[in-house]
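Here the structure comes first, spelled out in structure tokens, and everything after it is commentary.
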Amino acid sequence: MAVMTMVQAIQSALAVKLAEDDRVMVYGEDVGVEGGVFRVTQDLQKRFGADRVFDSPLAESAIIGTAVGMCIAGLRPVVEIQFSGFIFPGFNQLLTHVARYNNRTQGRYSMPMVVRTPYGGGVRALEHHSDSEEAYFAHTPGLKVVIPATPHDAKGLLISAIESDDPVIFMEPKRLYRAIKQEVSEESFSIPLGKAKVVTEGDHITVVSYGAMVREVQKAMVFAAKAGIKVELIDLRTIYPLDRETLARSVKKTGHLLVVSESPSFASVASEIMAAVSEDVFLSLEAPPARLTGFDTVIPLPHGEMLYLPEPERIFYAIKNSVEY
Amino acid sequence: MFNPFTRPEIPMLRVLDADGRITDEERKPPLGDEDVLDAYKRMLFARTADAQCISYQRQGRMYTYPPNLGQEAIAGAFGRVIRSEDWLVPAFRELGAWLQKGVRMRDIFLLWMGVEEGNRMSDAPRMLPPSVPIASQLLHAVGIGKAMRYRKEEAAVFAFVGDGGTSTGDFHEALNFAAVWDVPVVFVIQNNQYAISVPLRMQTRSRRLADRADGFGIPGIQVDGNDFFALSTAAMAAREYAIEKGPVLVEALTYRRGAHTTSDDPSKYRAPEEEKIWETRDPLRRLRLYLESKGLWREEDERALVDIYKQEIDQEFQIAEGYPATRPEDIFRHAYREMPVDLKRQQAEFEKYLNWKEHYQWQS
Ligand SMILES: Cc1ncc(C[n+]2csc(CCOP(=O)(O)OP(=O)(O)O)c2C)c(N)n1
């Protein structure tokens, strides 16, 4: 065991898979010599060589498009898109090929690639460096979408993602990159995709979240506890496939649902969870399913960003409103 | 055997050598002493402002900032040539050109303080905000150019991009569209030899990025990006050519002497010796030596002026720092021209929450 930040845990997962599987290739902008702008791939080029870990020219479409070719040729590329806000030049490759190749070729060519990308706000960055794009990917048949909230989960989930024969969009909450430290095994271990985690048990309300908002919910739970509200916190971990079973079981017990995420709310992951829970345990609900998300506006620049991101007080407010409904 | 795969080396356009001597009288731009002096002062202002930005960032009074150090001659020369009827489509490292287009320092500070208002670029005419998604702005420039041709405007679009940006699809698509549509766009590549940590040789095997123009049937030239005179000649000729004949590509070869941004550490990927070499090729130093040799400038002038500039810049910064906090309505106001009812609801709910938050008995 070692104490790791999420950056270190992701790096550890990459190192484990680079060592275990010579089909794994790691590349992207500034990934090699520099070790990535967030230092996630630090020293990996030194350890595994420049034919396994390397810099690409500046072109997201080409990064993802060449990964398609590598998958066809039997490799397992793990590419980095420096910020999720710049994934869109590669969106065409993702939607028109990555997500469909297995289906198109009737299982002949699968796409065992991972697209890693830091996402989300709260780090006072330039425009396009704070958005949450998970809904676009979750909406696309053929892709899996994974978002860890702790260093331990980041490592185990990334290893599973690399081992997955389906393409995985692995979104890393950059606000948590160095914010939490945790004991993480240096060995290889995996956490299955598609399984949510009950972080804290409680009877009064189920709060479902993922990524950086999990920690904000935990802060809100301090206020809730003082007000005598027992929250059951579920960290989704995998956005798609969605673990409906865990959600249904919890809401059956609590009768209340609040989804907290930092993306805009319309046609979002939060909407989907509310729909799924309504379908599965409609008669157990004692209040309308609720969501607390970013607004349906562009996420503001740093000066106004903290108004947009759900803060612990506002999460508590939403919890209280649901419980007192 | 004859090898058809060889090409002659085409020389780079250069007028002023590293010691400030004119090496090519014929290609010198038609600028009088007063013009050159004025240009130098503007570059000095940009450099001073740039250094101030880094220091404000260090003090935690501003967020990430991309320094211009070593590249000022490009913005300085093009900024003089870009007229009010021309469009300026920036990447993000052309501070001097923005200033000459009429953008105020206080608003540039707002931009790097993460205040939305900054992106209005002081409402300077025909001035776009910087474009964070690399090279995406080049296609906008082509669209503007098309509109100008349609309206028969006698003006040009100046669009900037870095060397890294030339690897994108957008760069190639923009050049191709510009050529086919025959629009008055001057594409300026600031080749500072790095895209964050990635050196030019990892970005491309082209010896000269200017050669890309050939593939699109438009002219491309490489110019010494630290030579104010050569850049001015190139900029003037490019503007004229763009308006009369069509798009051109100018590669200005320079060096990013500072970090990529204030969050970057260049020592991770390049040698200090390399940085030293480019210090001796610095564009301001070069022009200053020229001015000094002609008796137009003295060290004391420089010191006195930098002091004045620092004060002026600091005053602008204080105005920017006094910008009021973002209010809830600011977030919603510009999302749509006509606010959807759903957004009105979100804003009302948010304001209700803020009111509740103020009055709730928080136990610490
Ligand atoms: C499409 C896109 N991908 C990645 C980034 C992140 N990024 C910001 S600047 C930069 C390097 C740009 O290099 P270059 O075009 O040479 O311009 P320079 O920074 O040297 O002025 C990168 C990769 C981005 N802003 N946009």
Side-chain angles (χ1 to χ4, degrees), chain A residues 29-39 42 54-62 65 82-83 85-86 88-90 92 123-130 222-223 226-227 264-266 292-308 311 313-314 316-318 320-321, chain B residues 63-64 92 110-119 129-130 132-136 162-171 195-199 202-204 260-261 263-265 268-269 323 325-328 330-336 340 342-343 346-347 350 353-354 356-357 360 362-363:
Chain A
E29 293 158 17
D30 302 284
V31 158
V33 176
E34 162 127 317
V37 295
F38 288 105
R39 305 282 180 262
Q42 178 132 32
F54 49 90
D55 287 326
S56 76
L58 199 169
E60 289 75 11
S61 174
Q82 198 163 77
F83 290 91
F86 305 128
F88 298 105
N92 180 40
V123 296
R124 305 191 168 271
L126 294 171
E127 195 187 352
H128 307 294
H129 293 72
S130 303
V222 177
F223 302 130
K226 282 180 184 144
S265 91
F266 195 84
L292 176 57
T293 61
F295 305 114
D296 292 332
T297 66
V298 175
I299 180 167
L301 295 178
H303 211 245
E305 172 183 43
M306 297 318 280
L307 288 174
Y308 178 97
E311 60 180 356
E313 290 84 351
R314 201 164 138 225
F316 168 55
Y317 174 74
K320 208 163 160 299
N321 282 346
Chain B
Y63 302 125
T64 309
F92 51 89
L110 287 183
L111 191 70
W112 304 119
M113 285 174 171
V115 181
E116 316 278 345
E117 177 82 19
N119 270 319
V132 181
I134 299 296
S136 55
D163 44 295
T166 65
S167 295
T168 63
D170 281 358
F171 172 80
I196 310 187
S197 73
V198 179
M202 303 286 287
Q203 201 68 248
T204 176
H260 169 69
T261 65
S263 349
D264 173 49
D265 171 14
K268 288 208 65 120
Y269 53 81
Y323 196 84
T326 304
R327 297 159 305 177
D330 296 331
I331 294 178
F332 296 92
R333 191 185 307 134
H334 295 295
Y336 293 86
D342 192 53
L343 267 194
Q346 287 185 11
Q347 184 180 334
F350 186 46
Y353 153 69
L354 290 172
W356 171 86
K357 181 184 171 188
Y360 184 75
W362 297 96
Q363 310 165 28

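Lettering follows sequence order; numbering is per chain, from 1.
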Choice from Ser265(A), Ala59(A), Pro57(A), Pro300(A) maximising heavy atom contacts with chain B below 4.5 Å: Pro57(A)
Residue Ala227(A) versus chain B: region with a heavy atom under 4.5 Å: side chain
Chain A contact via Ile134(B) - side chain, backbone, both or neither, heavy atoms under 4.5 Å: side chain
Contact class of Tyr353(B) relative to chain A, heavy atoms under 4.5 angstrom: both
Contact winner vs chain B - Phe316(A), Phe295(A), Phe86(A), Tyr308(A), heavy-atom pairs under 4.5 Å: Phe295(A)
Parallel, tilted or perpendicular: rings of His129(A) and Phe83(A) (30°, 60°): perpendicular
Side-chain heavy-atom pair Leu343(B), Phe266(A) within 4.5 angstrom cut-off: no
Proximal component of Phe54(A), with respect to chain B [non-hydrogen, under 4.5 Å]: neither
Most contacts with chain B, counted as non-hydrogen pairs under 4.5 angstrom, among Asp296(A), Ile299(A), Asp55(A): Asp296(A)
Trace of the side-chain contact (heavy atoms from CB on, under 4.5 Å) decision for Glu29(A) with Val198(B): CA-CA 8 Å; Glu29(A) 293 158 17; Val198(B) 179; 5.6 Å; no
Residue among Ala135(B), Pro340(B), Pro133(B) with most heavy-atom pairs under 4.5 Å to chain A: Pro133(B)
Test item: side-chain donor near acceptor, Gln203(B) and Asp163(B), under 3.5 Å: no
Residue selection (most heavy-atom pairs with chain A, distance under 4.5 Å) from Ser167(B), Ala335(B), Ala195(B): Ser167(B)
Chain A contact via Asn119(B) - side chain, backbone, both or neither, heavy atoms under 4.5 Å: side chain
Asp264(B)/Glu34(A) under side-chain contact (heavy atoms from CB on, under 4.5 Å): CA gap, chis, key distance, verdict: CA-CA 10 Å; Asp264(B) 173 49; Glu34(A) 162 127 317; 3.9 Å; yes
Pick from Tyr336(B), Tyr360(B), Phe350(B) with the largest number of heavy-atom pairs that fall under 4.5 Å of chain A: Phe350(B)
Stepwise side-chain contact (heavy atoms from CB on, under 4.5 Å) test for Lys357(B) and Arg314(A): CA-CA 8 Å; Lys357(B) 181 184 171 188; Arg314(A) 201 164 138 225; over 6 Å; no
Which atoms of Glu60(A) approach chain B - backbone, side chain, both or neither, heavy atom under 4.5 Å: neither
Engaged part of Leu307(A) at the chain B interface, taking heavy atoms whose separation is under 4.5 Å: both
Interchain contact, Val222(A) with chain B, by part (heavy-atom threshold 4.5 Å): neither
Criterion side-chain contact (heavy atoms from CB on, under 4.5 Å) on Glu116(B) and Asp330(B), from CA distance to verdict: CA-CA 9 Å; Glu116(B) 316 278 345; Asp330(B) 296 331; over 6 Å; no
Minimal non-hydrogen separation, Tyr323(B) against His303(A), with atom names: CD2-CE1, 4.1 Å
Check: Asp30(A)/Ser197(B) side-chain N/O donor and acceptor closer than 3.5 Å: yes
